[in-house]
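Accompanying notes for the structure given below.
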Amino acid sequence: MAPEPPLLTMSGITKSFPGVRALDGVDLDVQAGEVHCLLGQNGAGKSTLIKVLAGAHQPDTGTIRWRGEPVTLRSPIAAMRLGVATIYQELDLVEHLSVAENVHLGHEPTAAGFVVRGRAARASTAALLARLGHPEIDPSRLVGALSAAQQQIVSMARALSHDVRLIVMDEPSAALDPDEVDNLFRSVQDLTAQGVAVVYISHRLEEIRRIGDRVTVLKDGRAVAGGLPAKTTPTREVVALMTGRNVEYVFPERPAAGSVPAGPPVLQVRGLARDGEFAPLDLDLHPGEIVGLAGLVGSGRSEILETVYGARKPSAGQVLVDGRPLRPGSVRAAVRAGLGLAPEERKAQALLMLESVTRNVSVSSMSRFSHGGWIDRSAEFGAARAATRELSLRPDNPSVPVRTLSGGNQQKAVLARWLLRGCRVLLLDEPTRGVDVGARAELYAVVRRLADEGLAVLLVSSEVPEVLGLADRVLVLREGHVVHTAPARDLDEHRVLDLVMEGSPAT
């Protein structure tokens, strides 16, 4: 018997936009029941390729075959009818609607020509959630009340409600803690056992090994490798394919073992707490030191950073800079004292996406360029260019809109803002989220260099290797309590995970 053709075959796909060739003859084949991982740096063409597959973009040239037959995907609806569903990183769920209403949005169950919004929709949704291994999710509950992991499952249930045969998942684990990632992977494995194919996109190479069957690597709009075995291809080889050079997941060298920066701490946290979020915390941070906060999502890490920064008002305790207390709950006071925050959601919380790089860098220092109600545009541009060049931001043109930059360069724009402001304490919340492997190495080098020049850094990351590799000292958090403090070189990933899963409040 002739072998079954692949479920999906994309051959010679090209797509150009004004001034940019986003895809240049890309090939991709996906078998029924497999997890096919799509890797590549930001700008490699992954998003464009999946939008072609989703029917959101039309290819300039190339062919798409479904079970061996040529097809044309003229719209997302056409792709869905064929059996292709795409779950983007930014979930498109409606928070004020119930789980069942979201799952059936746009194709509500009907009877005798009338839409049935109640029992039938809930029953159908419950069956889909059970198929995904999550019968505990209540179809009547509002989506806005669910955790990030549960919302991912709801998105998968909505895809299955269309009887899809292939699901594209774009960075599905970005906002999940390790337990939630495990649950997500179990759901994916249940789907593939039922013959559903999954195209899985992630920057986390350890996830690719766990969940993937095969890997296709994109670089500069081309598929530089296709069908590599996900579990056995060496990491060095994958990274070299993605970047065009040998870049390892390595971190800059720390100061000498046991050394603590001389002089008094620049930042002191004394008994700082927020009811229901984190218990009283004491912390000293010296110039030139990087301190990491490790813990699961919900352990209070981000809340601590935002409270130190003044974006949240503490229920107890105080923050001191150079021995002087800051006014609680005042961002203005924190910034004036020399604190800067690079938040987790940089697009929503830090960047003016429609503005230029120049304006994004200068926005916290406008008093330097404003005279008599007028802004000295030349001085603003020059200062922004100097700050971005110090961080090797690309392209070297601060006039371009910040939305056109890659994730790594957008993060550099946020850091450049605080360099221009002359901040002395940098608060980093998930600094490499949505940043590709090569750009991560650059960001690590930037952060270490800034620390070596005297900047104090307080770091939060969901990736334990990142905290251990970049920080000098680590505070391990569990359920809002510090359960362990140690030099980073005295910890390993297994020890930290044991502490966050089973640790008890301690010092």
Side-chain angles (χ1 to χ4, degrees), residues 177-179 181 204-206 235 248-273 278-305 308 425-433 437 440-441 443-507:
D177 66 29
D179 280 345
V181 171
R204 299 177 178 177
L205 298 183
E206 69 276 9
T235 297
E248 298 184 35
Y249 201 95
V250 296
F251 300 90
E253 186 177 353
R254 293 190 185 93
S259 66
V260 175
V266 61
L267 177 73
Q268 295 170 289
V269 175
R270 293 292 178 264
L272 194 70
F278 60 91
L281 170 73
D282 292 325
L283 169 68
D284 285 351
L285 182 62
H286 293 79
E289 185 180 29
I290 303 175
V291 171
L293 303 180
L296 303 179
V297 173
S299 62
R301 305 164 310 169
S302 296
E303 291 80 2
I304 290 171
L305 254 62
V308 169
V425 178
L426 183 60
L427 310 174
L428 293 178
D429 195 354
E430 302 289 358
T432 60
R433 175 161 292 172
V437 173
R440 284 184 178 209
L443 281 172
Y444 297 148
V446 164
V447 172
R448 175 49 68 184
R449 176 171 60 81
L450 293 175
D452 290 344
E453 294 171 357
L455 189 69
V457 180
L458 188 58
L459 165 73
V460 163
S461 175
S462 297
E463 300 188 36
V464 175
E466 185 166 89
V467 176
L468 297 180
L470 195 55
D472 303 305
R473 185 160 49 95
V474 176
L475 278 64
V476 182
L477 295 165
R478 180 174 184 268
E479 296 179 358
H481 293 81
V482 175
V483 297
H484 192 70
T485 301
R489 55 173 37 92
D490 293 344
L491 296 168
D492 60 34
E493 185 174 2
H494 295 295
R495 173 63 174 150
V496 172
L497 291 177
D498 285 344
L499 286 165
V500 300
M501 299 295 289
E502 301 176 5
S504 57
T507 57

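FYI, side chains are in, hydrogens and waters are out, and symmetry mates aren't considered; it's all heavy atoms of this structure. Along the sequence shown, residues carry numbers from 1.
Partners of Ser299 by side-chain hydrogen bond (donor to acceptor under 3.5 Å, both in side chains), not counting sequence neighbours: none found.
In this structure, Leu267 and Val308 have side chains that are in contact, with non-hydrogen atoms separated by less than 4.5 Å. Residues Arg448 and Asp472 have side chains in contact (heavy-atom distance under 4.5 Å, counting atoms from C-beta outward). With a 4.5 Å cut-off on side-chain heavy atoms, Glu466 and Pro431 count as touching. With contacts defined as side-chain heavy-atom distances shorter than 4.5 Å, the pair Arg478/Leu499 does not qualify. Using a 4.5 Å heavy-atom threshold, the side chains of Leu459 and Val447 count as separate. A heavy-atom distance below 4.5 Å is found between the side chains of Leu272 and Phe278.
Here the CD1-CG distance, from Ile304 to Leu475, works out to 8.0 Å after rounding to the nearest 0.5 Å. The CG atom of Leu281 lies 7.5 Å from the CG atom of Leu293; values are rounded to the nearest 0.5 Å.
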Check the pair Arg489, Val474 against side-chain contact (heavy atoms from CB on, under 4.5 Å), reporting the backbone distance first and the verdict last.
-> CA-CA 9 Å; Arg489 55 173 37 92; Val474 176; over 6 Å; no
Check against side-chain contact (heavy atoms from CB on, under 4.5 Å), Leu283 and Arg473 | CA-CA 11 Å; Leu283 169 68; Arg473 185 160 49 95; 4.2 Å; yes
Decide side-chain contact (heavy atoms from CB on, under 4.5 Å) for Val457 and Leu450; before the verdict, give the C-alpha distance in whole Å, the side-chain angles of both, and the deciding distance to 0.1 Å.
-> CA-CA 9 Å; Val457 180; Leu450 293 175; 5.8 Å; no
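The nearest pair of heavy atoms linking Ala471 to Val291 is CB-C, 4.2 Å. Nearest heavy-atom pair, Pro280 versus Ala273, reported as atom, atom and distance to 0.1 Å: N-CB, 3.6 Å.
The environment of Glu453 atom CD is dense: over 12 non-hydrogen atoms of other residues, nucleotides or ligands sit within 6.0 angstrom.
Using a 4.0 Å cut-off between a side-chain N of Lys or Arg and a carboxylate O of Asp or Glu, Arg301 and Glu430 qualify as a salt bridge.
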